[in-house]
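Quick notes on the structure that follows.
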Amino acid sequence: MKLVILLTVICLQVSASAVSQQITISEKNIPLEKVFKSLRKQTGYSFFYKVDLLQKAKPVSLNLNGVTLEEALSKCFEGQSFTYEILNKTVIIKPKAVSKIDKIQENRAAQLAEITGKVTSEAGEPLIGVTVVLKGTTMGSSTDVSGNYSLNVPDNEGTLVFSYIGFETKEVAIGNATTLNVTLSPDAKALEEVVVVGYGEQKKETLTGSVVQVTGDDIVASPTANVTTALAGRLPGLVVNQRSGEPGRDDPAILIRGTGTLGNNAPLIIIDGVERSQMGRLNPEDIESYSVIKDASAAIYGARAANGVIIITTKRGALGKPEFNLSLNQAFNKPTRVMEVLDGPMFAQVYNEGAWYRAGRPANWTPVYSEADIKKHADGSDPILYPNTNWVDEVLKSYSLQSRMNLSLNGGTESIRYFLSFGTMHQDGNFRYSPTSYKQNNFRAKIDVNVTKDLNLGVNISGMLNKGSYPSTNTSTNFINILNANPLLVARYPNGLIAPGRLGENPLLQDKVGTITTEEVPIFSTFTAAYTVPFVEGLKVSGTYNYDMTNRFEKTFRTPYFFHEYNVNTQEYDQKQATVISTPELTDRTDRLTTSLYNLKVNYDRTFDKHTVGLLIGTEQQKNTAQWVSAYRRNFISTAIDQINVGSNAPEDKNNGGSASFSGYNNYFGRLNYNYSEKYLVEFVFRYDGSQIFPEEKRYGFFPAFSAGWRLSEESFIKDNLTFVDQLKLRLSHGKIGNDKVGQFQYLQTFSFGDNYVFGGRDVPGIFPNTMPNPNITWEESKKTDFGFESSLWRGLLGIDLTFFQENRSNILAARNLSISNIYGFSGLPDQNIGKVRNHGYEIVLSHRNSIGDFDYNISANTSFARSKVEFLDEVPPAEPYQALTGRRVGSPLYYKADGIFNTQEELDSYPRLPNAQLGDIKVVDVNGDGLINAKDQVRFDYTATPEYVFGMTLGAGYKNFDLNVLFQGQTNVYNLDTGFRGLGGSNFSNAAVARAKDRWTVDNPNGTMPRADDITPSNNTFWVYDASFVRLKSLELGYTLPKNLISKVRLGDVRLYVSGFNLLTFAKNDWADPEISGGAVIYPQLKVLNLGANIKF
Amino acid sequence: MKKILFIAVLFSCFSCSDDFLDVSPQDRISEEAVWTDPNLIIAYHNSLYNGVPHGFGRHMVSKFSDEANSVNWDLQRNTFTPDNVAVAGTANENFFYYWNRGYAYIRKVNIFLEQMEEGTLHVPNKDRLVAEAKFLRGFMYFELIRRYGGVPIVMQSYDLGEEANFTRSTFDECVSFIESDLNAAITGLPEKYASTSTDFGRATQDACKALKSRLFLYAASPLFNPSNDQAKWQKAADAAEALLNRGYSLHLDYRQMFIQPSGSANNEIIFARLFSASNSHQAPITNINRRYGGYGGWGASNGPSQNLVDDYDMNNGEPAFIYPGGVKTINPASNYNPQNPYVNRDPRFDATVLHDESVFRGNVHEMWVSTDGTKWGFDSFKQSGDNPRTNYALLKFAPNADVPLNWQTLYTNPWIHIRLAEIYLNYAEAKLALGDEATCREYINKVRARQSVNLPPISNIVTGEELKRRLYNERRIELAFEGHRFFDVRRWKIATVTESQPIYGMDITKDLATGLKTYTPVQITARTPFQEKMYLLPIEASEILRNKNLTQTPGW
């Protein structure tokens, strides 16, 4: 490996006239190289030599003042074993004894001529660092900051090769020119998208699978605390539903193409090559891309990939100078919607009605709340005894803070590239007086080293420190205590003392009840080695070793707390201890999870004329472990220290627990691609997968997939006739994938400890059988077929992508509990490969990209549809044929059919009804017409809480220094059952929604459209089912990049300021709660975020 | 190159190894290990006892009868159907819909018996363990038949995939089967354990006999003995009689009996579910009123009903109400004052029900509301929705001031399945049916004569239907909240009356000026009329659909 260094003038643009031949050097014993450097600086002359030549050079001592170059050089070369020659501002160093090669060199050098010029982009911007090489030689130079280069060439017959990353390489014959100005055009191929697929990357153009991708940069535009939520609407086929906005507990549910199975529908998440958790907690600025594999090409992931695969790739260092990237964000968030609940007087009124109905509507009746009481609650004259509390306003803050800071450094040379980042995020809870908050720190170090020309080693280590803090009461309880709290209860007395609230669980006391603190420290590491086999072109061997470890610590400290209660008789505020907890108790739990994964891959990629072949063969082994221990003590002397040793030492005050589980995978996989002229494309992937979840003889399976593509746009009949066509491709894929997401060891009959009993006042241990074994259990099998059409027309003015898919899932793992009698007394039924589900649908993406003057914009809209159908399931023969789930969508619920309410006595008397139905109850349709209302009248409801249609539209625009990024997102064909909304005037004093109470049936309002208070109809009726369709302005970002001349003074590269928002506007049919929640409003609502931020590069 | 080769070789060492897939469970034991280790066999056996449910769940059986108010339970409102009956099937309801739970434990017993039959392993006290298992299986079947009537008898364990046809046996066949299990058990069991013994809580000969007494009483009752077959009554009388002289005696203190911790001396208990610090319950706090942090019986709906309160006698031995011509009238002989209803009552009233002016743990309880509605007592439903609307809270299982009353205390007072007083009342009932009114009165009076209760005896002039009413009432009062009432009104076939009446509470208004209180019973929960078919519970609709040969309970 002979390395020739070309010392070239890159820094100084030196004109000949400005060169002073006055050289001054005064140094002792310095290496010759250093002298040359100094000389070059002083004269502008290049030095040309072979590195190994100078290794023989003796150091020199010089004391020169105002001498010429020649004089200086002759001093340097005294007693050296080589000599020099000056040709056209280049000093050529050569040995005294001349070799053959050097002779040629010498011959060339003998005729050196200088070529100069400027390299610019199409827009006229100078390109810095463009490599300029004389073709066929190692002689070359590169451009300086102004895009200028100069190079000495031996003769005029050569050709200069200009190459620059991201631009098409250009070759220019020198001819007679002494100045060659060159314009480079962007490399269409380099700019064209590369899509991440299983164990590799593919060009989007020649991709044959159904894979969609979004870049991390797009995601960053959504100022949400949980990155996964930012994916909603951006990727066709991906269904993202966030059901809670609680800081740190806000992971959305993700589905790819809806529901394909009766079992677990969760997709496989691969982060940097390994199945990893914490997807939502990644630092958005670390992410290069999200790639979603929807079709059979996921077969390369075998038995885990039937629900689709999401591959997340993180950024790596880019070639170039070190660049810091700092981003600062400050956001304000508040719930998207909080249910509007009844005020005191209304509540009292409704409660009275309910109590009267419960007592059988007696004629002689004293209401619980008298007219006079209600008046007092309404007029606020006595806020102690007759309060009218708005719990939502009392407890929820008008906004809370969320901040994110990120600093990264990236850069690289040919031999080393690095990406270092640190991010921190803090999110505050939305309650007053609550410890709820979440803090996240992310770091990542990713380094690639080219050890030799053929060997690349890399390391990618990332970690997080996630700290959550929550009150010890659970979140839904807190929301029950807000939304269901009786408004006739005082929240806080006028003197500031906090009242008991509902059940003594006043949510204003959340900071007193003790805290749950979680600390999660996942460390993910990947070590890679790739060796390009030098003697076989296109052959590469690579391997990775990954080790992930997550330590999780959770401390639950529950402490007794106090509130004040006004005593009507003594007129004192008695301090009372809440009875929820009488003595401090602490539970510490640590979890340790590890994954180690090795893989080894062999790639062979080569083009023979028009035939391009790609081959990948690999093997992978994985082992996971999970272990936990916990300790418990109570009766702490003091709550000052929340450590386990402070608790009581008595045996009945202590407890501990712990367990472990292990799992593993072993498999072989491969991919074969072939294309002819990038016109006819075929691909075959497979995985031979072994999953430890299944019994020994059922462990291994073979999952193949085949795909093909035809790029019509490459055919001459299109190329020649329809020039507006940029890309036109048809593709098809078909294959088999597995789903092994079920509990392990179901093939064994096992027993667990528990079910203890007591004899003589002492515990005796028990054991109980776990689920019955199924010795034949194996994975679900999914057969997927995709047909796609991709096009790009008029250079991006219109793009249309269409994909149709169909999936047949068989061997679905489901328990047979539906048809097996309980009389057998089985201890839980194992999953069996019994179900069959068909899923089909389509995805459409329309895109448009254009520039008008300085105004660039692009629009992309996507819609996807997926509908499942249960083909077979072990169903109890339904009481009525219309109740069968078979033939309907997965998860279709059974609901009674509501037909308004019983408004009049005639209506009530003339129609079948539930035995205790009253006037004002929901009228349930007697579907089977047997004159009775019972479970047989329940019908399958066609829709579920999983939307069939999801859609999104992104708008990007740039004008001068402004940029705008907008995302609309929505869903339809989705219905939620909201049983929480149903309650009104019940005996439990729960508050209710205004929308529910407003037009309820009462004796005085017999034509009400809502049922009476204390309606007794079973809650699973269609009256409480709402259409959860919505369109949302999901995110919006408006940025402004400060003009360069303004910031160059402060030596910053780029400064961009922006405002952004998340969940900004929601348009939905349902107006009492956020439509995205899945029924029941007592959850932590989704958040609306408004953010201010800055990006600074330096 | 050498380094790279080395790395390649290193990597290939890791591939192709199947070790990754040979993983064994770390958190559970294999079946094989269980039947080859006597300690695990004993542990398996211990858990069989959990097949007999105790009654300390959040929602006591009382909520399904007229003992307590429970606005939300279909079982109380008589709106239960095959569609909703199984809702009451979790631990919170003491597995009241026992069908699934019962058969699951019956299978466990069957497996145990099969393993003991086949196994050659030496297991200490094997015969006793087998006998206990048979007692438990008998008890489980009894729990089934008292709910559903005749049920399928499963005497072997089936494996997944094995087909069986389950059909209901008749009630009498089930009784015979249970009897044979109990007879077989008796031979392998000790007579009894002292209540302070470390084995107390295990099955004994006496427990078998006591269960037989209850079983035969049920079998002789009108619901299951429509022809009033006297032989059945005789059998019931004999079974009770067998326990009369076995050394048991009534606990002197009625209240103390239910609040003393497991392991205390108590010569009345024949069979009980004990508790320990690590295996405890929360019944005291769940049922007490808001003052102590309770919810008045979870959602304030386990509060004793006025219906029950009215049925406590006066301490002169006279019932507060009589029913001439079926009309509820104040009994003049009782001196009952409806405007001062809580004085001079049967002492068991104050031991069971927390009411206005009760003194408990040093607090005088106040359930009143002032006439003008501006003030109310601290224990009134107006003060907190977690004080029962009936204005009564359940005191029976709540400890006195010597034990903390809160959610963290680990309560161990036992759930008494069978105690001597029940046997006395079983005996009295059987004897009455056999025409022996004197013995009937004698045994009722034994119960009433308990030292802490000390009621005058029922006089000899009380006979016939009136004596029967007094007997039924004695059972209601003595065994209140012990899980009997729901079944008793059914087997007596009086539920059409008792379970059709609305549930009442008591409104107490206080004139703040004079301090005078006015008491007005108030109807709280209306009930749809009890229908004949409700005497036995329906089986969940889907279970019928799963079994071609299983018939639904008649009428459903």
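Numbered from 1 within each chain, the chains take letters A, B, ... in sequence-line order. Hydrogens, waters and symmetry mates are skipped; everything else that's a heavy atom, side chains included, is used. Owing to the predicted nature of the structure, the values given are computational and were not obtained by experimental measurement.
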Which is it for A:I1016 and B:R77 under the side-chain contact (heavy atoms from CB on, under 4.5 Å) test, yes or no, and what are the steps along the way?
-> CA-CA 11 Å; A:I1016 48 83; B:R77 293 167 75 134; 3.7 Å; yes
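With B:E31 contributing its side chain and A:T750 its backbone, the two residues share no donor-acceptor pair below 3.5 Å. Side-chain atoms of B:Q408 come within 3.5 Å of backbone N or O of A:S582 as a donor-acceptor pair. Remark: side-chain polar atoms of A:Y757 are not paired, donor with acceptor, to backbone N or O of B:H45 under 3.5 angstrom. One N or O on the side chain of B:R290 and one on the backbone of A:L503 form a donor-acceptor pair closer than 3.5 Å. Of the possible donor and acceptor atoms, none in the side chain of B:S47 sits under 3.5 Å from a partner among the backbone N and O of A:D755.
Expressed to the nearest 0.5 Å, how far OG of B:S280 lies from CD of A:E652 amounts to 11.0 Å. The structure places CD1 of A:I933 at 11.0 Å from CG of B:D83, a figure rounded to the nearest 0.5 Å.
Nearest approach of B:T409 to A:R634, heavy atoms of both residues: N-NH1, 4.5 Å. Taking both residues in full, the closest heavy atoms of B:R546 and A:I820 are given as CD-O, 3.3 Å, listed atom of the first, atom of the second, then distance.
With a 4.5 Å cut-off on non-hydrogen atoms, B:N100 touches chain A through its backbone and its side chain both. When heavy atoms are compared at a cutoff of 4.5 Å, B:A272 approaches chain A solely by way of its backbone atoms N, CA, C and O. Of the atoms belonging to A:V368, heavy atoms from both backbone and side chain fall under 4.5 Å from chain B. If you measure heavy-atom distances from A:P362 to chain B, you find no contacts under 4.5 Å at all. Looking at B:N46, both its backbone and its side chain come within 4.5 Å of chain A, counting heavy atoms on both sides. B:L550 touches chain A through its side chain: at least one heavy atom from C-beta onward sits under 4.5 Å away, while N, CA, C and O do not. Heavy-atom distances place no part of A:Q918 under 4.5 Å from chain B, backbone and side chain included. Heavy atoms closer than 4.5 Å to chain A are found in both the backbone and the side chain of B:R273. Of the two parts of A:Y386, only the side chain, counted from C-beta on, holds a non-hydrogen atom closer than 4.5 Å to a non-hydrogen atom of chain B. For a residue to count as touching a neighbouring chain, one of its non-hydrogen atoms must lie under 4.5 Å from one of that chain's; by this rule B:A541 does not touch chain A. Heavy-atom distances place the side chain of B:F166, and not its backbone, under 4.5 Å from chain A. Contact of A:W365 with chain B is made through the side chain alone, with heavy-atom distances under 4.5 Å. Residue A:N770 touches chain B through its side chain alone, counting heavy-atom pairs closer than 4.5 Å. Contact annotation for B:T198: both backbone and side-chain heavy atoms come within less than 4.5 Å of a heavy atom of chain A. For B:E163, the parts lying under 4.5 angstrom from a heavy atom of chain A are both the backbone and the side chain. Within the 4.5 angstrom heavy-atom criterion, atoms from both the backbone and the side chain of B:A104 approach chain A. Only the side chain of B:E543 has a heavy atom closer than 4.5 Å to any heavy atom of chain A. Only the side chain of B:V522 comes within contact range of chain A, with at least one heavy atom under 4.5 Å from a heavy atom of that chain. Contacts between B:I106 and chain A at a heavy-atom distance below 4.5 Å are absent for every atom of the residue. Only the side chain of B:P152 comes within less than 4.5 Å of a heavy atom in chain A; its backbone stays farther off.
The neighbour count for B:E32 CD, taken as heavy atoms of other residues, nucleotides or ligands under 6.0 Å away, does not exceed 12. Residue-environment remark: NZ (A:K576) exceeds the threshold of 12 foreign heavy atoms within 6.0 Å. Residue-environment remark: CD (A:E880) exceeds the threshold of 12 foreign heavy atoms within 6.0 Å.
Interface check for chain A: of the options B:S264, B:G263, B:A33, B:G201, the most heavy-atom pairs under 4.5 Å are formed by B:G201. Top candidate by heavy-atom pairs under 4.5 Å with chain A, chosen from B:D159, B:T412, B:T81, B:V369, is B:D159. Comparing A:F694, A:F745, A:F989 by heavy-atom pairs within less than 4.5 Å of chain B, the highest count is held by A:F745. Among A:A660, A:G360, A:G761, the residue with the largest count of heavy-atom pairs under 4.5 Å with chain B is A:A660. Between chain A and the options B:T525, B:L160, B:T528, B:T196, the largest number of non-hydrogen pairs under 4.5 Å is found for B:L160. Counting heavy-atom pairs closer than 4.5 Å to chain B, the top-ranked of the candidates A:I581, A:V758, A:I823 is A:I823. Listed options B:N547, B:L545, B:V151 were ranked by heavy-atom pairs under 4.5 angstrom with chain A; first place goes to B:L545. The candidate from A:E585, A:M772, A:E620, A:R361 with the greatest count of non-hydrogen atom pairs under 4.5 Å with chain B is A:M772. For the set A:N916, A:D382, A:N934, the count of heavy-atom pairs under 4.5 angstrom toward chain B peaks at A:N916. Across B:N50, B:I544, B:N406, B:N110, the residue that shares the most heavy-atom pairs under 4.5 angstrom with chain A is B:N50. By number of non-hydrogen pairs under 4.5 angstrom with chain A, the leading residue of B:Y105, B:F381, B:Y158 is B:Y158. Of the listed residues (A:N567, A:D763, A:L489), the greatest number of heavy-atom pairs within a distance under 4.5 Å of chain B belongs to A:D763.
Contact check for A:T366 versus B:D507: no side-chain heavy atoms found under the 4.5 Å cut-off. Side chains of A:R762 and B:L274 form no contact here, defined as non-hydrogen atoms less than 4.5 Å apart. Using a 4.5 Å cut-off on side-chain heavy atoms (C-beta onward), B:I29 and A:F753 make contact. Contact check for A:L748 versus B:S30: no side-chain heavy atoms found under the 4.5 Å cut-off. Within the 4.5 Å cutoff, no side-chain heavy atoms of B:F200 are placed close to those of A:F759. The side-chain heavy atoms of B:K108 and A:P769, taken from C-beta on, include a pair separated by under 4.5 Å. A 4.5 Å side-chain heavy-atom check between B:R107 and A:F826 finds at least one atom pair inside the cut-off. Taking 4.5 Å as the limit, every side-chain heavy atom of A:F751 sits out of range of all side-chain heavy atoms of B:R28.
Between the side chains of A:N756 and B:N279, not a single donor N or O lies within less than 3.5 Å of an accepting N or O. In summary, the side chains of A:E565 and B:Q383 do present a donor paired with an acceptor at a separation below 3.5 Å, with no hydrogens or angles considered.
The pair A:D373-B:K382 meets the salt-bridge criterion, with a side-chain N (NZ, NE, NH1 or NH2) lying under 4.0 Å from an Asp/Glu carboxylate O.
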